[in-house]
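Notes follow the structure.
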2 protein chains.
Amino acid sequence: MDAETNATADDSSQGRIRQENIEKIMKAAEKVFAGNGFRGATTAAIAEEAGLPKANIHYYFGTKAKLYRAVLDDIIALWLSSFREIGENDDPATTLADYIRAKMQLSQNRPNASKVFANELIRGAPRISGYLETELKEWVEEKAAILDHWIEEGRMAPVDSKRLLFHIWSMTQTWADFEVQWAAVLGRKKKLKAEDFDAATDFIITIVLRTCGLQPIPSRS
Amino acid sequence: MDAETNATADDSSQGRIRQENIEKIMKAAEKVFAGNGFRGATTAAIAEEAGLPKANIHYYFGTKAKLYRAVLDDIIALWLSSFREIGENDDPATTLADYIRAKMQLSQNRPNASKVFANELIRGAPRISGYLETELKEWVEEKAAILDHWIEEGRMAPVDSKRLLFHIWSMTQTWADFEVQWAAVLGRKKKLKAEDFDAATDFIITIVLRTCGLQPIPSRS
DNA sequence: TTAGAACTTGACCATTTGGTCAGGATTTGT
DNA sequence: ACAAATCCTGACCAAATGGTCAAGTTCTAA
């Protein structure tokens, strides 16, 4: 009976049909939520995008709010899992560059995930403040501590480590969230090209490494 | 009769009541649109926020779409007007720092304007693609040319000038759009403090000036 | 003072929306 | 083969939403 109970992301031993449909619905929901926010998204639009009748969405997820939660949880899991662990003994320049590359990959490959998250933050993060105040805060403090350690050892120039991370985020996510803006300004047709993402990645790496004194600044001529 | 005709922002010779109400409504609309996007915002919510009956909103603006347009136009005007002109003969470091300060002031003082704009971009900018492809594109090209000029003269290190501007935007606007996120991570209660904005401003200036070779990088000790 | 213009608003309407449900179709384990 | 579990979905609500309107009130200029 109570089918919607297990509609969260982590079930493994579910039936084939169930898994396929949940996947279809979540993918469609991510897209529709990304483009309209929680309130603006309609279950009818999600159903159409998923190619299923509306009642089917409710069969698996119960309510729009629960579906939204499932999408958010999925995104948060992706966020947290996608960064390779940073160790104190790693090379600062390589580590920072790798991290920026990983975030840019996400922006390029999962722009809708980024947009859903951005939407949620813009509206004040009513449903994920718990995550922000715990997991995310701890993640930042942990990584910042490593940066500070590197700074103390003289392996990179002094910077405000937490804010460095914040600005890396903002610079990488802008290429997902505000893609149309940069595409328009660069004269592309709505969508950025792969080269644009590559160039942006290189440039952000340059910014960060120069800021940390890890890359020589070319002479002014 | 046709009252809604003049509901755009630039009328000056309007009646007192009209001006006051339009102002009240636009302010409320900016807030509600910021928190819910176009589709998620309801005219009833805007009316309540403005302290007026719903029918009154329609009296002045006709439709929700027209009200939204008016709010967007207002924001674009603010955007375009709020940066002091950059000249070829100005000092690069001072000019860049001033520009960053100006953008951070906007983030701090008009966060809802930033959020409405962000919402619109996230959903693909259906209503402002014209602006992005013309005014904004031209603005960027004009300013980038000045940066390139400075670079050629050896007054700053070589950088990708357009992308530098993009990333300045992303770093400054993140403090408006995603305020809750940074507040949570910094352990504030939902709202950032004035000092947080000051510290962020200084840090972004540091990032940009170091990137452009305009500020010495502290020794690694 | 007064007529016309501008403003106000409760009541109303058609459409859209999230959600329900019952009865039927498929799948699955044995 | 067959019964139980799972899945499917058209038809259907009640509530919310954007928008209208007609009857009134207030303002303004002569």
Side-chain angles (χ1 to χ4, degrees), chain A residues 1-8 11-26 28-33 35-72 126-127, chain B residues 1-8 11-26 28-29 31-33 35-72 123 126-127:
Chain A
M1 269 194 190
D2 195 10
E4 57 255 38
T5 311
N6 316 39
T8 38
D11 349 83
S12 50
S13 62
Q14 294 298 321
R16 204 190 76 263
I17 297 177
R18 166 166 285 259
Q19 271 195 336
E20 281 177 9
N21 278 342
I22 284 184
E23 222 166 293
K24 245 189 278 184
I25 294 168
M26 298 247 306
E30 187 173 284
K31 186 168 176 183
V32 176
F33 282 132
N36 299 94
F38 175 71
R39 292 213 53 193
T42 68
T43 54
I46 293 168
E48 198 188 8
E49 180 72 32
L52 295 168
K54 194 182 68 165
N56 212 327
I57 270 75
H58 284 96
Y59 172 70
Y60 283 108
F61 288 92
T63 66
K64 185 169 90 156
K66 282 184 194 162
L67 172 55
Y68 184 62
R69 253 253 77 94
V71 171
L72 274 183
R127 297 154 214 259
Chain B
M1 263 191 194
D2 194 10
E4 58 253 37
T5 310
N6 316 41
T8 38
D11 350 83
S12 50
S13 60
Q14 295 297 323
R16 204 190 76 262
I17 297 177
R18 165 165 285 258
Q19 269 195 337
E20 280 176 9
N21 279 343
I22 283 183
E23 222 167 294
K24 247 190 275 184
I25 294 168
M26 298 245 312
K31 187 169 176 182
V32 175
F33 283 131
N36 298 93
F38 175 70
R39 293 213 51 192
T42 67
T43 53
I46 293 168
E48 196 188 10
E49 180 72 33
L52 294 169
K54 195 182 64 164
N56 211 326
I57 271 76
H58 286 96
Y59 173 71
Y60 283 107
F61 287 92
T63 67
K64 185 169 89 156
K66 281 185 194 162
L67 172 55
Y68 185 61
R69 253 255 74 97
V71 171
L72 274 183
R123 92 171 30 126
R127 298 154 213 262

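In the text below, chain A, chain B and the rest are named by the order of the sequence lines, each starting its count at 1.
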Practice item. Assign each of A:Ala65 and B:Ile57 to its nearest nucleotide of DNA chain C by heavy atoms, then name whichever residue's nucleotide is nearer the 5' end. Key: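 Its nucleotide being nearer the 5' end, the pick is B:Ile57.
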Between [N] ([atom2]) and [X] ([atom1]): distance, integer Å:
X	N	atom1	atom2	answer
A:Asn56	C:dA25	CG	P	16 Å
A:Arg16	D:dA5	CZ	C1'	15 Å
B:Ile46	D:dG19	CD1	P	10 Å
B:Leu52	C:dG10	CG	P	11 Å
B:Gln19	D:dC27	CD	P	17 Å
A:Glu48	C:dT16	CD	P	13 Å
A:Leu67	C:dG19	CG	C1'	13 Å
A:Ile22	D:dT6	CD1	P	13 Å

Hey, does the side chain of [X] come within less than 4.0 Å of [N]'s phosphate (OP1/OP2), counting only N and O?
X	N	value
B:Arg18	C:dA6	no
A:Asn21	D:dT6	no
B:Tyr59	C:dC7	yes
A:Tyr60	D:dT6	no

Which heavy atom in [X] sits nearest to a heavy atom in [Y], and how many Å separate them?
X	Y	answer
A:Ile57	A:Leu52	CD1-CB, 4.3 Å
B:Val71	B:Ala29	CG2-CB, 3.8 Å
A:Ala41	A:Asn36	N-CB, 3.7 Å

Check the interface with nucleotides 12-17 of chain D: list each N/O to N/O pair with the protein under 3.5 Å, or write none.
from	atom 1	to	atom 2	distance (Å)
D:dT17	OP1	A:Arg39	NH2	2.8

Exercise for review: Taking only the side-chain heavy atoms of B:Pro53 (C-beta and beyond), determine which of C:dT9, D:dT28, D:dT9 contains the nearest atom.
Suggested key: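 For B:Pro53, the side-chain atoms sit closest to C:dT9.
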Review point. D:dG19, D:dT9, D:dT28: which one has an atom nearest the side-chain heavy atoms of B:Thr63?
Key: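 Looking only at heavy atoms from C-beta outward on B:Thr63, the closest nucleotide is D:dG19.
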Point to revise | Geometric cation-pi criterion, B:Arg127 with B:Phe38: 6.0 Å, 45° | key: yes
Exercise for review: Run the salt-bridge test on A:Lys24 and A:Glu20 with the 4.0 Å N-O cut-off and return the result as yes or no.
Suggested key: no
Review point. Is there a side-chain contact between B:Tyr60 and B:Leu67, using heavy atoms and a 4.5 Å cut-off?
Key: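 A side-chain contact is absent here, since even the closest heavy-atom pair is not under 4.5 Å.
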Check your understanding: Should we count NZ of B:Lys64 as having more than 12 external heavy atoms under 6.0 Å?
Key ->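 Yes, the 6.0 Å shell around NZ holds more than 12 heavy atoms from other groups.
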